Amino acid sequence: MGPKRERIVPIIERLAAEHQDATIALRFRNDLELLVSVMLSAQTTDVNVNRVTPSLFRKYRRPEDYLAVPVEELENDIRPTGFFRQKARALRGTTRMLIEEFDGRVPRKLEELVRLPGVARKTANVVASELGHTQGIVVDTHVRRLSQRLGLTKQDDPVKIERDLQKIVPREYWGVFPHLLIWHGRRVCLARRPRCEVCVLHDLCPSSRV
Ligand code: SF4
């Protein structure tokens, strides 16, 4: 197995050929919908969020709309995404800050995004990247698992994993790289039983079973 710096570009190129449709799975039509979808996707699947958001976004169109209803009503509207009390609180805090400090718009800078209540680094990275202002590498559960299996990091903490990845992944790939790992993780490198026998990375992966 070669050093990770030599393996990383072939890994990216092969995954890009394999998963040409690798993009964000959440459905949204504007910056606010993107931010809300990503916030709702914590601790649940994108599919689950996509079930809730069409009607949610018909009702809540501007940041003010999230503050105009009783909190119980908002909780009820997002209930199927789980942790609905926490998420409703975060959505109201965030939309209030958007109005008060950002002129009702979603900021682009990572350091501004992470100031929004309930917006952690991962959420901020996803939003910034989708808005065309990639400033980091998104590390979710798939990115963490695959980075470890591919021998790109020995760390377990997402912030440290991101730091390791930033050292080896060329900057122009920071936005697409997580999508490639996420889709590969969903389709091939499954958490419990990786399908190494059909994996295009088997000769580049120290964890390959074939
Ligand atoms: S070879 Fe196996 S462990 Fe390595 S990335 Fe592919 S599926 Fe995952």
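Everything numeric here is computed off the predicted structure, so don't read it as measured data. Residue indices begin at 1 and follow the sequence shown. What's counted below: heavy atoms across the whole structure, side chains too, no hydrogens, waters or symmetry copies.
- Listed for the Arg61 side chain is a donor-acceptor partner under 3.5 Å among the backbone atoms of Arg58.
- When hydrophobic clusters are built by joining Ile, Leu, Val, Met, Phe, Trp and Tyr residues whose side-chain heavy atoms come closer than 4.5 Å, directly or via intermediates, Ile137 is not grouped with Leu110.
- For the atom pair CG of Leu204 and CZ of Arg7, the computed distance is 7.0 Å after rounding to the nearest 0.5 Å.
- Hydrophobic cluster membership differs between Ile182 and Val38, with clusters built from Ile, Leu, Val, Met, Phe, Trp and Tyr side chains linked at under 4.5 angstrom.
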*Test log, rule salt bridge (Lys or Arg N to Asp or Glu O under 4.0 Å), inputs Asp203 and Arg14*: CA-CA 12 Å; Asp203 58 324; Arg14 286 194 208 173; 2.6 Å; yes
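- Between the side chain of Asn48 and the backbone N or O of Thr81 there is no donor-acceptor pair closer than 3.5 Å.
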*Evaluate salt bridge (Lys or Arg N to Asp or Glu O under 4.0 Å) for Arg108 paired with Asp31, printing each intermediate quantity in order.*
CA-CA 10 Å; Arg108 266 60 179 153; Asp31 301 2; 2.8 Å; yes
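- Salt bridge status for Arg163 with Asp157: absent, with no side-chain N to carboxylate O gap under 4.0 Å.
- Hydrophobic clustering places Phe102 together with Val36 (ILVMFWY residues linked when any side-chain heavy atoms are closer than 4.5 Å, directly or through intermediates).
- With a 6.0 Å radius and a threshold of 12 heavy atoms from other residues, nucleotides or ligands, Arg5 has its CZ atom at or below the threshold.
- For the atom pair CD of Glu101 and CZ of Arg115, the computed distance is 4.5 Å after rounding to the nearest 0.5 Å.
- Residues Leu26 and Leu34 have side chains not in contact (no heavy-atom distance under 4.5 Å, counting atoms from C-beta outward).
- The closest donor-acceptor contact from the side chain of Thr95 to the backbone of Arg92 lies under 3.5 Å.
- Heavy-atom contacts from other residues, nucleotides or ligands closer than 6.0 Å to CZ of Arg187 number more than 12.
- Val159 and Leu165 fall into different hydrophobic clusters, where Ile, Leu, Val, Met, Phe, Trp and Tyr residues are linked whenever their side-chain heavy atoms come under 4.5 Å apart, directly or through other members.
- Between the side chain of Trp183 and the backbone N or O of Asp21, no donor-acceptor pair lies under 3.5 Å.
- With a 4.5 Å cut-off on side-chain heavy atoms, Cys189 and Arg149 count as touching.
- Judged purely by atom type and a 3.5 angstrom limit, Asn125 has no side-chain atom pairing as donor or acceptor with the backbone of Val139.
- Note that CD of Glu130 and OG of Ser37 are 10.5 Å apart. Values are rounded to the nearest 0.5 Å.
- Summarising the geometry, atom CD belonging to Glu64 is positioned 9.5 Å from atom CG belonging to Leu98; distances are rounded to the nearest 0.5 Å.
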*Quick one: do Val114 and Thr123 satisfy side chain to side chain contact (heavy atoms under 4.5 Å, CB included)? Show the steps, please.*
CA-CA 8 Å; Val114 293; Thr123 302; over 6 Å; no
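- Figure legend: cation-pi geometry between Arg79 and Phe84, with NZ or CZ positioned under 6.0 Å from the six-membered ring centre and within 45° of its axis.
- Minimum heavy-atom separation, Val71 to Ala88: CG2-CB, 4.3 Å.
- Counted within 6.0 Å of NZ on Lys160, heavy atoms from surrounding residues, nucleotides or ligands total 12 or fewer; the atom is thus considered open.
- In this structure the side chain of Val138 never reaches within 4.5 angstrom of the side chain of Trp174, judged on heavy atoms.
- Looking only at side-chain heavy atoms (C-beta outward), Pro194 and His184 stay at 4.5 Å or farther from each other.
- Across every non-hydrogen atom of Pro170 and Val9, the tightest pair is CG-CG2, 4.0 Å.
- Residue His202 comes nearest to Ser208 through the heavy atom pair O-CB, 3.3 Å, listed as atom of the first residue, atom of the second, then distance.
- Results of the salt bridge (charged side-chain N to carboxylate O under 4.0 Å, His left out) test with Asp46 over Arg186, Arg27, Arg51 single out Arg186 as the only residue that passes.
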*Take Asp140 and Arg145 through the salt bridge (Lys or Arg N to Asp or Glu O under 4.0 Å) test and state the conclusion after the steps.*
CA-CA 9 Å; Asp140 77 342; Arg145 182 177 76 255; over 6 Å; no
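- The line from CD of Glu162 to CG of Asp164 is 10.5 Å long, rounded to the nearest 0.5 Å.
- Across all non-hydrogen atoms, the minimal contact from Pro107 to Leu113 is O-CD2, 3.5 Å.
- If you take CD on Glu6 and CD1 on Ile168, they are separated by 12.0 Å, rounding to the nearest 0.5 Å.
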*Report the C-alpha separation of Thr53 and Glu33 in whole Å, then their side-chain angles, then the decisive distance to 0.1 Å, and conclude whether the side chain to side chain contact (heavy atoms under 4.5 Å, CB included) test is met.*
CA-CA 8 Å; Thr53 46; Glu33 291 186 3; over 6 Å; no
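- Residues Leu181 and His142 form no side-chain contact, since every pair of their non-hydrogen atoms from C-beta on lies 4.5 Å or further apart.
- Considering every non-hydrogen atom in both Cys205 and Leu150, the closest pair reads CB-CD2, 3.8 Å.
- Using a 4.5 Å heavy-atom cutoff, the side chains of Leu35 and Val119 are in contact.
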*Go through the steps for Arg89 and Glu75 under the test salt bridge (Lys or Arg N to Asp or Glu O under 4.0 Å), then give the verdict.*
CA-CA 9 Å; Arg89 225 182 10 253; Glu75 286 174 359; over 6 Å; no
_Working for side chain to side chain contact (heavy atoms under 4.5 Å, CB included), residues Asp77 and Tyr60_ = CA-CA 10 Å; Asp77 290 336; Tyr60 302 85; 2.6 Å; yes
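- Nearest heavy-atom pair across Tyr173 and Val169 is CB-CG1, 3.9 Å.
- Between the Lys4 side chain and the Gly151 main chain, no donor and acceptor come within less than 3.5 Å of each other.
- Side-chain atoms of Val126 and Met39, non-hydrogen and from C-beta on, never get closer than 4.5 Å to each other.
- Judged by distance alone, with hydrogens and angles left aside, the side-chain atoms of Gln135 form a donor-acceptor pair with the main-chain N or O of His133 at under 3.5 Å.
- With respect to Lys59 and Glu73, a salt bridge is recorded, a charged nitrogen being found less than 4.0 Å from a carboxylate O.
- The cluster map of Ile, Leu, Val, Met, Phe, Trp and Tyr, joined by side-chain heavy atoms under 4.5 Å apart, puts Ile78 and Leu116 in the same cluster.
- Contact check for Phe57 versus Asn30: no side-chain heavy atoms found under the 4.5 Å cut-off.
- Judged by distance alone, the side chain of Asn76 and the main-chain N or O of Glu72 form no donor-acceptor pair under 3.5 Å.
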